[in-house]
Amino acid sequence: MMGESKKLWGGRFERLTDPGFARFNRSFGFDRRLFEADVRGSMAHGEALRAAGVLGDEEAAALAEGLRTLLARAAERGDAYFDEDADAEDVHSFIEARLVELVGDAGRRLHTGRSRNDQVATALRLWLRGEIESVGGRVREVQGALLDLAEAHRDAVLPGYTHLQRAQPVLWPHWCLAYFEMLSRDRERLAEARRRTNILPLGSAALAGTSYPVDREEVARALGFEGVSRNSLDAVSDRDFCVEFACAGSLVMAHLSRLAEDLILYATTEFGFVELSDAVATGSSLMPQKKNPDALELVRGKTARVYGHALALLTLVKGLPLTYNKDMQEDKEAVFDVADTLSSSLEVTATVLRNVRVREGRARDAATVGYMNATEMADYLARRGLPFREAHEVAGRMVLYGLGKGLELHELDLEELREFSTLVAEDVYEALSLEQTLATKRQTGGTSPERVAEALAAARASLTEG
Ligand code: ARG
């Protein structure tokens, strides 16, 4: 099978293809990933041609058998099978050539009423549908790991931050659930993207629709598509589903990279709230003490390439005239890499979460230092009748005083505190306690232990449901 492969379009050509251009034009190096999806699409198309009376029963049976043989050979030999004809133009011509070798004329009839334009759109949608499902499953696994981590440290507390300055203490499970929420939205977006991906373009032919009486609805059913495309011009040139997948994937990566960044910070000596497992860290070739959070840094870094692909896909479809244009061959590597990067990043993130050690003592100590109860002081004064704006001012002056003495608010004597406001009484110390600080955040979505326990149970239930 060496030399120039047989073209699918040779008839009107007099000169051979320039070898440099052939290489440039070739997509088989990467679109071989669509092999199985494309064969399945061909099986359904062959059956539709038979039902329409275009193919005889015997020919259709030979075709179906031939396609099954191709699947078996690829499964058996893997890449070696594809490398036997590595010079094929694309996965579609590779499949057709193998089929003709096996079943002769029946293979030459399969392309009746079909174009590579509706064929590639069909294969890509089939393939992507499966990938979206598997990525969704991996998002779920990360969510499961977050819930396990939350349940293992139900009472743990850490400082919450705004502007990366200590703000107010929060429960550790509350922090875990914040990421759970982001990933729940991601799963919704992926499901939406899947819904619009799961539409059959086959039967649109090159652009105008097919002149053969194929039952498109039946083909859709056979391939598990939700419906058939309504306009042939749109169907062969629509890559919205690729863009949507890359954009939904970009948000997944945004969330993973924020999680990564939090954990990278929390694992530093400066924070010390968690310790990453040796299993997901590396050492330094020079500094013996180092334990570097490479897994998380790579997740953060790989976010960039997914964003890059999303932008590349948007740019790819911008200004393309109707309908199919070869530009669109560039969609594949972007979509493939988004899927691969999402899968590996999600997998590694789950491993990090399943192996992280939470240093509850350090985190709790940090949550009581840095005037994190100053808001409680203001609320205490406000509850005693001081307008909040004034209460805020008074509490601020107390903080300034404490800073001067190197003492936290709850370390100041009652007499000292009363210098700022006579509304302060003995019960202020209870109000300033970590327990009270948390317990008062008892509205929906707040960090009080009851609300967080409910949220955790609800999250667990939602994960088991769907
Ligand atoms: N390899 C091509 C792609 O990915 C397949 C479709 C080719 N269609 C065509 N009219 N040349 O877009």
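What you are looking at is a predicted structure, and each value in this text was computed from that prediction instead of being measured.
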Over 60° means perpendicular and under 30° means parallel, so classify the ring planes of [Y] and [X], tilted if in between.
{"X": "Phe28", "Y": "Phe82", "answer": "perpendicular"}
{"X": "Trp175", "Y": "Trp172", "answer": "parallel"}
{"X": "Phe35", "Y": "Phe94", "answer": "perpendicular"}

Can you tell if the side chain of [X] reaches within under 4.5 Å of the side chain of [Y], non-hydrogen atoms only?
{"X": "Pro293", "Y": "Leu263", "value": "no"}
{"X": "Leu463", "Y": "Leu147", "value": "yes"}
{"X": "Leu200", "Y": "Ser229", "value": "no"}
{"X": "Arg194", "Y": "Leu128", "value": "no"}
{"X": "Met253", "Y": "Ser345", "value": "yes"}
{"X": "Glu261", "Y": "Leu265", "value": "yes"}
{"X": "Phe388", "Y": "Leu381", "value": "no"}

Under a 4.0 Å N-O cut-off, is there an ion pair linking [X] with [Y]?
{"X": "Glu218", "Y": "Arg221", "result": "yes"}
{"X": "Arg189", "Y": "Glu244", "result": "no"}
{"X": "Asp427", "Y": "Arg384", "result": "yes"}
{"X": "Arg116", "Y": "Asp90", "result": "yes"}
{"X": "Arg397", "Y": "Glu393", "result": "yes"}
{"X": "Glu192", "Y": "Arg196", "result": "yes"}
{"X": "Lys405", "Y": "Glu411", "result": "no"}
{"X": "Arg195", "Y": "Glu226", "result": "no"}
{"X": "Asp83", "Y": "Arg32", "result": "yes"}
{"X": "Arg359", "Y": "Glu275", "result": "no"}
{"X": "Arg460", "Y": "Asp148", "result": "yes"}

Check your understanding: Is the gap between the ring centers of Phe271 and Tyr161 under 6.0 Å?
Key ->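 Centroid separation for Phe271 and Tyr161: below 6.0 Å.
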
Check your understanding: Are Lys326 and Asn25 close enough, and set up right, to give a side-chain contact (heavy atoms from CB on, under 4.5 Å), and what steps lead you there?
Key -> CA-CA 9 Å; Lys326 195 58 173 266; Asn25 192 37; 2.7 Å; yes

Review point. Once you round to the nearest 0.5 Å, how far does CD of Glu426 lie from CG of Leu417?
Key: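 Here the rounded value is 10.5 Å.
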
Point to revise | Reported OG-to-CZ distance for the pair Ser277 and Arg354, which is rounded to 0.5 angstrom | key: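 With rounding to 0.5 Å, OG (Ser277) is 13.5 Å from CZ (Arg354).
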
[X]-[Y] side chain donor-acceptor pair, cut-off 3.5 Å:
{"X": "Glu408", "Y": "Thr368", "answer": "no"}
{"X": "Tyr81", "Y": "Glu76", "answer": "no"}
{"X": "Tyr179", "Y": "Asp262", "answer": "yes"}

Exercise for review: Please lay out, stage by stage, how Leu71 and Glu36 fare under the test side-chain contact (heavy atoms from CB on, under 4.5 Å).
Suggested key: CA-CA 7 Å; Leu71 282 185; Glu36 191 184 330; 3.7 Å; yes

Check your understanding: Picking from Leu346, Leu251, Leu342, what satisfies side chain to side chain contact (heavy atoms under 4.5 Å, CB included) with Leu256?
Key ->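 Among Leu346, Leu251, Leu342, the one that satisfies the side chain to side chain contact (heavy atoms under 4.5 Å, CB included) with Leu256 is Leu346.
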
Practice item. Pick out which of Met328, Gln329, Arg125, Lys332 makes a side chain to side chain contact (heavy atoms under 4.5 Å, CB included) with Val120. Key: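 The option that passes is Lys332.
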
Point to revise | Stepwise side-chain hydrogen bond (donor to acceptor under 3.5 Å, both in side chains) check, Gln168 with Thr437 | key: CA-CA 8 Å; Gln168 290 181 303; Thr437 304; over 6 Å; no

